[in-house]
Amino acid sequence: MPELPEVETVRRQLEREVVGRKIKTVEVSGTRTVRRQPKKQFIARLTDAKITGVRRQGKYLALNLDTGDIVYVHLRMSGQLRKAAAKDEKAKHTHVIVTFTQGGQLRFIDPRTFGEWFVTNPETIDEDAPEIGALGFDPLDEPISWRAFAQVLMARDTKLKTFLMDQTVMAGIGNIYSDEILHEAGLMYDRSTRSLTTMEIRRLYRSVVEILHDAVKHGGSTLDDEQFVDLAGKTGDYAQFHQVYARDRQPCRRCRGTVTKARFSQRSTYYCPDCQM
DNA sequence: CGATCTACCTGATGGC
DNA sequence: TGCCATCAGGTAGATC
């Protein structure tokens, strides 16, 4: 479900809610959420540790512990983090419950069970989770110059949407925001990276930064299925500003065209055939 | 190196 | 009503 703006929205709230708190107990249900290490080990490394910071790397959340360990959380398609009280009823598909010594809980709800939690540390992370080290730059936290972006782009020979969604190039963009960014930039999803002019590259990068920034400002995108909610269960506002995503057969908000839905790499892709070239 | 497909899951939706 | 197919924000791994 969530892409960079949704994960960043949750990160900012976690910073306020869980930093400085000490973990009293951890409950993990099922075998899917904690799957790259024994559940017992995972629980032991979290128990009694204090959370000292919350970072985001692309779509991953990283909770720093005072033990030197780092807890990584990836929401994948349907994961939700929610703040709760011990007495609150347990929602269906609740797979992790972290209870703090001062009271209060952090819960992980994930119907499709693609989401994942694991604990590692800086010494073993490359072995435990090589995909973290392989992540590309973060367009929100570590924006690069458009010239550096042009270098990165020209080093690849692929289609624009594939390029934007490649987490090893730039981390955090998924299916929704790649479509919105390409529309903002006026570029077709299947254009080759090699075909772009200097002007188009600048425009693409400006759109990446602008769209992600705006989406964060509005608390991310909650679609009609209401799957994305923040720590407090609140929806994000950004979907109302979507120009193309899930707007097929509706008029383009920029030109006289009609938003069209296509299939690209087995994913839905939305674009305006009149203002994207 | 890049493209394409499969698999991992549950749930919502639409057609018949 | 029910049954079946299709689709959903992501990513890793196999194969060509």
Side-chain angles (χ1 to χ4, degrees), chain A residues 1-11 29-36 56-61 72-81 91-95 108-118 127-136 152-182 189-195 211-212 215-216 218-230 235-242 244-249 261-270:
Chain A
M1 146 177 47
E3 305 178 30
L4 185 153
E6 290 74 34
V7 179
E8 177 62 17
T9 298
V10 172
R11 189 201 67 78
S29 77
T31 55
R32 301 243 331 132
T33 304
V34 175
R35 53 180 177 264
R36 61 175 92 188
R56 180 185 55 74
Q57 291 174 252
K59 300 173 197 169
Y60 289 84
L61 283 166
Y72 276 94
V73 178
H74 198 304
L75 308 174
R76 293 286 179 105
M77 298 284 263
S78 61
Q80 283 182 4
L81 284 171
K92 201 175 174 188
H93 306 297
T94 298
H95 297 302
F108 182 64
I109 302 159
D110 185 15
R112 293 176 73 179
T113 70
F114 291 174
E116 188 181 8
W117 287 50
F118 60 89
E127 198 182 325
D128 296 343
E131 67 274 28
I132 303 279
L135 290 174
V152 172
L153 181 127
M154 289 185 306
R156 301 271 167 157
D157 181 8
T158 188
K159 291 174 178 170
L160 287 185
K161 181 158 175 168
T162 305
F163 172 79
L164 289 176
M165 290 178 64
D166 185 341
Q167 303 301 300
T168 70
V169 170
M170 225 176 347
I173 298 170
N175 204 39
I176 294 177
Y177 294 104
S178 55
D179 284 2
E180 293 299 319
I181 288 164
L182 288 165
Y189 59 92
D190 59 356
R191 275 280 291 280
S192 158
T193 49
R194 295 282 160 89
S195 76
I211 295 281
L212 294 177
V216 169
H218 289 281
S221 301
T222 300
L223 304 183
D224 292 344
D225 61 10
E226 305 246 316
Q227 280 245 26
F228 170 69
V229 290
D230 67 12
T235 55
D237 288 340
Y238 190 67
Q240 64 183 112
F241 300 104
H242 287 179
V244 286
Y245 192 84
R247 293 195 66 247
D248 49 311
R249 297 192 299 278
K261 180 179 181 174
R263 206 81 191 151
F264 176 74
S265 311
Q266 6 249 84
R267 313 295 300 273
S268 291
T269 292
Y270 302 88

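In what follows, every chain begins at residue 1, and chains take the letters A, B, ... in the order their sequences are listed.
With B:dG11, C:dA12, B:dC9 as the choices, the nucleotide that has an atom nearest any side-chain atom of A:His93 turns out to be B:dG11. For A:Thr158, counting side-chain heavy atoms from C-beta on, the closest listed nucleotide (B:dA3, C:dT11, C:dG9) is B:dA3. Comparing B:dG11, B:dC8, C:dA12 by their closest approach to the side chain of A:Lys92 singles out B:dG11. Closest approach to the A:Arg32 side chain among C:dA12, C:dG9, B:dC8 is made by B:dC8 (side chain taken as heavy atoms from C-beta onward). Residue A:Gln266 has its side chain nearest to B:dC5 when only B:dC5, C:dT11, C:dG9 are considered. Considering only the side chain of A:Thr162, B:dA3 comes nearest among C:dG9, C:dT11, B:dA3.
Note on A:Arg263: only backbone sugar-phosphate atoms sit closer than 4.0 angstrom, heavy atoms only; bases stay farther off. Among the heavy atoms of the strands lying under 4.0 Å from A:Asp157 are primed sugar atoms or P, OP1, OP2 only; no base atom is included. Within 4.0 Å of A:Tyr60, counting heavy atoms only, lie sugar-phosphate atoms of the nucleic acid but no base atom. Using a 4.0 Å heavy-atom cutoff across all strands shown, A:Arg267 reaches at least one base atom of the nucleic acid. Residue contacts shown for A:Tyr245 are limited to sugar-phosphate atoms, with no base heavy atom under 4.0 Å away.
Across the protein-nucleic acid pair, A:Met77 atom CE and B:dC8 atom C1' stand 11 Å apart, rounded to whole Å. The nearest whole Å value for the distance from the CD1 atom in A:Ile132 to the P atom in C:dA12 is 9 Å. With rounding to whole Å, A:Arg56 atom CZ is found 14 Å from C:dG10 atom P. Protein atom CZ of A:Arg35 is 11 Å distant from nucleotide atom P of C:dG13, rounded to whole Å. The separation between A:Arg112 atom CZ and B:dT10 atom P is 10 Å, rounded to whole Å. When the C1' atom of B:dG11 is taken as reference, atom CD of A:Gln80 falls 13 Å away, rounded to whole Å. A:Glu180 has its CD atom 13 Å from the C1' atom of C:dG9, to the nearest Å. The CZ atom of A:Phe118 sits 10 Å away from the P atom of C:dA12 (whole-angstrom rounding).
Taking only side-chain nitrogens and oxygens, A:Ser265 never comes nearer than 4.0 Å to OP1 or OP2 of B:dC5. Contact annotation: A:Lys159 side-chain N/O to B:dA3 OP1/OP2 distance is not under 4.0 Å. For the OP1/OP2 pair of C:dT11 and a distance below 4.0 Å, the side-chain nitrogens and oxygens of A:His74 include at least one atom meeting the criterion. Within the 4.0 Å cut-off from OP1 or OP2 of C:dG9, not a single side-chain nitrogen or oxygen of A:Lys59 is found. Listed pair A:Gln167 / C:dG10 fails the phosphate criterion, with no side-chain N or O lying under 4.0 Å from OP1 or OP2. Between B:dG2 and A:Arg156, a contact under 4.0 Å exists linking OP1 or OP2 to a side-chain N or O.
The aromatic rings of A:His93 and A:His95 are tilted relative to each other, their planes meeting at an angle between 30° and 60°. Below 30°, between 30° and 60°, or above 60°: for A:Tyr238 and A:His242 the angle between ring planes is above 60°, a perpendicular geometry. Using the six-membered ring where Trp is involved, A:Tyr72 and A:Phe118 have ring planes that are parallel, under 30° apart on the 30 and 60° scheme.
Mapping A:Asp225 and A:Phe264 onto DNA chain B by nearest heavy atom places A:Phe264 closer to the 5' end of the strand. Comparing A:Ala155 and A:Thr113 against DNA chain B, the residue whose closest nucleotide sits nearer the 5' end is A:Ala155.
Taking atom P in both B:dC5 and C:dT6, one finds a spacing of 16 Å when rounded to whole Å. A gap of 23 Å separates the C1' atoms of B:dA3 and C:dG9, to the nearest Å. Nucleotides B:dC9 and C:dG13 place their P atoms 15 Å apart, quoted to the nearest Å.
Between A:Arg32 and A:Asp110 there is no salt bridge, since none of the side-chain N atoms of the basic residue sits less than 4.0 Å from a carboxylate O of the acidic one.
The aromatic ring of A:Phe114 is stacked on the base of B:dC8, with the two ring centres less than 5.5 Å apart and the planes inclined by under 30°.
Pairing for C:dG9 is absent, with no Watson-Crick or G-U wobble pair whose two atom distances lie under 3.5 Å. B:dC9 is unpaired under the Watson-Crick or G-U wobble criterion, no partner having all donor-acceptor distances under 3.5 Å.
Looking at A:Thr162 and A:Arg156, their side chains never come closer than 4.5 Å, going by heavy atoms from C-beta outward. Within the 4.5 Å cutoff, the side chain of A:Leu4 has no heavy atoms near those of the A:Tyr177 side chain.
Side-chain atoms of A:Glu116 never come within 3.5 Å of backbone atoms of A:Phe114 as a donor-acceptor pair (strictly under, hydrogens ignored).
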